[in-house]
S.K.: 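Have a look at this one before I ask anything.
Convention: sequence-line order gives letters A, B, ...; per-chain numbering from 1. The figures here come from the full heavy-atom set of this structure, side chains too, leaving out hydrogens, waters and symmetry mates.
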Amino acid sequence: MFSSAASLRLPPSPKPNHRNSQSSSTENPIGTDLLYSFNTPFELKQAHSHIIKTNNPHSLLPLSRVAFVCAFSPSFNYARQIFHRVEKPEIFVWNSCLKTFAEGNSPIDAIRLFYRLRQFDVQPDTFTCSFLLKACSLLSDLSNGRIVHGLVLKLGFQSDLFVENTVVHMYACCGVIDDARRLFEKMPQRDVVTWNIMITQLIKLGEIGRAYDLFTQMPERSVRSWTAMIAGYVQCGKPKEAIHLFRQMEEAGEKPNEVTIVAVLAACADLGALDLGRRVHEYSNRCGFKRNVRICNTLIDMYVKCGCLEVARRVFDEIDERTVVSWSAMIGGLAMHGQGEEALRLFSRMSQIGIRPNGVTFIGLLHACSHMGLVNEGRKFFASMTRDYGIIPQIEHYGCMVDLLSRAGNLQEAHEFIKNMPIEPNGVVWGALLGGCKLHKNVELAEEAIKHLLKLDPLNDGYYVVLSNVYADAGRWEDTGRVRKLMRDRGVKKTPGWSSITIDGVVHEFVAGDVAHHQAEEIYKRWEKLLQQMKSRGYVPDTSVVLLDMDEDKKEHVLYRHSEKLALVFGLMNTPPRTPIRIMKNLRVCEDCHSALKLISAIAAREIIVRDRNRFHCFKDGSCSCREYCVIWEGDQLLEVIPQVFPLCEISVFVNLCGFTRVWSGGIKILLHLDQTLIKPNEHTNKPERLNDNPLLQEDGKKDIELKPLIEHEKSVK
DNA sequence: TTAGGGTTAG
């Protein structure tokens, strides 16, 4: 059952013990390097004979290596002879060897060595048991864990709190939490570590409620107890509870450490709580944690998710030694904010300096390609991750690829891709295809995607809503009604949408048609004024996003009360002019709100940053950073799909030219659809040329509008 | 020489 020393990983050579060594380098002519280099029993004997000949102390031998070489070779007794000559007890040396294995990356060798020791009647002590139990925990090796526990009882070590805690930990890690709990209940004495072990393991099993029950019962709490509980809430998707507990921790006078900071920042990232995130950042700097790379990585994520991409970039730039996590967080953040080109540039830099990407890096890259419509580039990255880096694509990578292909309109290819996946597609994968079908109006494939999605999650309201949208787009109102009936029959409720905005540290949450807010009346009045301005600049409400069966006027009324519009108006009323407005939404921003927010960003001269369920939208000067696809239609025929990677055009042009279409965007390249009208910018003058008559243009008298690239526009503003 | 908490994807 034992493998040979050659086939096992050697523990690292310990550093020379100069304190015990009585000889200086001049007194030790053979040098320690030679002594430390033995890997076989023969080489060990050579080194040992040197020790004897030169009359050097035995302590010069790296004893854990002696133990290792002898333990897995026939020379076990020889090791014992050597150990008898050193001052420390023999078991100490074996324990060092066990520790190296258990704490290193070969816990299985700790178990093997244990059996070898048993064969030779070496008497274990409490340390031996602790190291072995640790190895069993790492391996989730319950049968050996029980054997060691039996030994603990036999040797009477159960009164040793260190050992007993490790036994509890072992049972919990091996998946028998109830055994751990029984032992915990029976323990005559427990300390804060015992409680922390139970709490942490319950959290790992997703039993956050039971963990919190124990937390409330603790006789005393350490910073680790608080941190474990805060991090636990973040891990199980309860960031509000995490923040609440953090405040309680502060009130209790407990000082957060680096790990607490990471957990709280992660909660701020999830909540989009920028104010608190900033305060925690300042606190972290005051504590001297500025160089902690894990904190910096979480800060990048927090600022990205709170819509402050520039601050995130500053944190990234200031890190001394960036890890792959720092690069991945920044690349993913740039992609999420629509800065795909910069994300790819950063990846080049990362590769140039020799940082090896991981699976998460590729998720960011694929997102970047997806939002820029770089289909070939994305395909190359997907192939490269396995070929060049040996990273096996996970379900998330497949989801990104389907999203990339579907968004770009390659729906059949996306479908084939799903059918050929080596792993079972999940809701994200089919959902990506469904999203593409909605964008490109493919009812047939949408129905195929829905068939799978409803099998996976029959109560997910989002799927029904999208299908209903697809039918509505195709004018299939009977089918839309059928979907609504299906939802009713199955008891599927549409998740209520909400949007929130934080002003002076207070979070204001709005639902559609909200009348509960204390400023509701003023908000609606202000909206009416804004609506007039919007309409005068070409805004036409897109009532097709309202799936309810009602007349157009009522649909408009519903549209005007969408939660993100209310949050935005509230923000305009309560923040200084020209300052950015940040909004969070639990669902995707609807197409009408997207158009409206673009327009309002220009009218009110505000930057509006919206974090929705999927990504960020930064509305500025009438455009959005998400750069939707420009879908070109001629009559009913889809001509081309162009991702918006081209210079954006000046806002006044866009508001007037594009405010009437449902598929328009802030960018333009070759053709733009406008109520059956095709417009082509002249190749030389960049002036729009109409390919057929457009009554709206005539009404506006904007026949000679120039399509100025936004970049030039910005220069002229400066 | 022994026990407990941390970052990027969703």
S.K.: Do other residues, nucleotides or ligands put more than 12 heavy atoms under 6.0 Å from the CD atom of Glu321(A)?
M.R.: no
S.K.: Gln235(A) side chain N/O closer than 4.0 Å to the phosphate oxygens (OP1, OP2) of dG5(B)?
M.R.: no
S.K.: Which pairs pass salt bridge (charged side-chain N to carboxylate O under 4.0 Å, His left out) with one or both residues in residues 296-306 of chain A, sequence neighbours excluded?
M.R.: Asp301(A)-Lys305(A)
S.K.: Side chains of Thr194(A) and Asp191(A): do they bring a donor and an acceptor to under 3.5 Å?
M.R.: yes
S.K.: Within the 4.0 Å heavy-atom criterion, would you say Glu258(A) contacts the bases, only the backbone, or no part of the nucleic acid?
M.R.: base
S.K.: Taking only the side-chain heavy atoms of Thr260(A) (C-beta and beyond), determine which of dT7(B), dG5(B), dT1(B) contains the nearest atom.
M.R.: dG5(B)
S.K.: Rounded to the nearest Å, what distance is computed from the CZ atom of residue Arg294(A) to the P atom of nucleotide dG6(B)?
M.R.: 9 Å
S.K.: Under 3.5 Å, is there any donor-acceptor pair linking the side chain of Asn297(A) to the base of dG6(B)?
M.R.: no
S.K.: Looking at Val168(A), is its backbone amide N or carbonyl O close enough to the side chain of Asn165(A) to form a donor-acceptor pair, meaning the two atoms are under 3.5 Å apart?
M.R.: no
S.K.: Between Arg146(A) and Asp141(A), does a salt bridge (Lys or Arg N to Asp or Glu O under 4.0 Å) hold up when you go through it step by step?
M.R.: CA-CA 9 Å; Arg146(A) 286 199 196 280; Asp141(A) 182 349; over 6 Å; no
S.K.: What's Asn95(A) touching, base or sugar-phosphate or nothing? Going by heavy atoms closer than 4.0 Å.
M.R.: base
S.K.: Rounded to the nearest Å, what distance is computed from the CE atom of residue Met187(A) to the P atom of nucleotide dA3(B)?
M.R.: 15 Å
S.K.: Please report, rounded to the nearest Å, how far the P atom of dA3(B) is from the NZ atom of Lys204(A).
M.R.: 14 Å
S.K.: Specify the residues of residues 160-169 of chain A, ordered by number, for which at least one heavy atom lies under 4.0 angstrom from an atom of DNA chain B.
M.R.: Phe162(A), Asn165(A), Thr166(A), His169(A)
S.K.: Return the value, rounded to whole Å, for the distance between atom OH of Tyr171(A) and atom C1' of dA3(B).
M.R.: 16 Å
S.K.: Which one, dT1(B), dG6(B), dA3(B), comes nearest to the side chain of Ile197(A)?
M.R.: dA3(B)
S.K.: Any pair with a residue in residues 218-259 of chain A that passes ring-ring contact (aromatic ring centres under 6.0 Å, His included), sequence neighbours left out, goes on the list, sorted by first then second residue, please.
M.R.: Phe215(A)-Trp226(A)
S.K.: Where the side chain of Ser106(A) meets the backbone of Ile108(A), is there a donor-acceptor pair that is under 3.5 Å apart?
M.R.: no
S.K.: What is the distance, rounded to the nearest whole Å, between atom CZ of Phe215(A) and atom C1' of dG5(B)?
M.R.: 12 Å
S.K.: Taking the side chain of Asp270(A) as its heavy atoms from C-beta onward, which of dG10(B), dT8(B), dG5(B) lies nearest to it?
M.R.: dG10(B)
S.K.: Going through the checks in order, is the ring pair (Phe, Tyr, Trp, His ring centres under 6.0 Å) test met by Phe162(A) and Phe127(A)?
M.R.: CA-CA 9 Å; Phe162(A) 261 99; Phe127(A) 292 90; 7.9 Å; no
S.K.: As a test of reading the structure: which of dG10(B), dG5(B), dT1(B) is closest to the side chain of Phe127(A), going by heavy atoms?
M.R.: dT1(B)
S.K.: Roughly how many Å is it from CG in Leu117(A) to P in dT1(B), rounded to a whole number?
M.R.: 20 Å
S.K.: Do the side chain of Thr194(A) and the base of dG4(B) come within less than 3.5 angstrom through a donor-acceptor pair of N or O atoms?
M.R.: no
S.K.: Across the strands shown, which category fits Thr361(A) at heavy-atom distances under 4.0 angstrom: base, sugar-phosphate, nothing?
M.R.: nothing
S.K.: Expressed as a whole number of angstroms, how long is the span from Arg313(A):CZ to dT8(B):C1'?
M.R.: 16 Å
S.K.: Roughly how many Å is it from CZ in Phe362(A) to C1' in dT8(B), rounded to a whole number?
M.R.: 14 Å
S.K.: Using a cut-off of 4.0 Å on non-hydrogen atoms, how would the nucleic acid contact of His367(A) be classed: base, sugar-phosphate, or nothing?
M.R.: sugar-phosphate
S.K.: Picking from dT8(B), dT2(B), dA3(B), which would you name as closest to the side chain of Ala329(A)?
M.R.: dT8(B)
S.K.: Does dT2(B) have OP1 or OP2 under 4.0 Å away from a side-chain N or O of Lys99(A)?
M.R.: yes
S.K.: Within the pair Lys305(A) and dT8(B), is there a side-chain N or O less than 4.0 Å away from OP1 or OP2?
M.R.: no
S.K.: Would you classify Ile363(A) as touching base, sugar-phosphate or nothing, given that sugar-phosphate means primed atoms plus P, OP1 and OP2, and contacts are heavy atoms under 4.0 Å?
M.R.: base
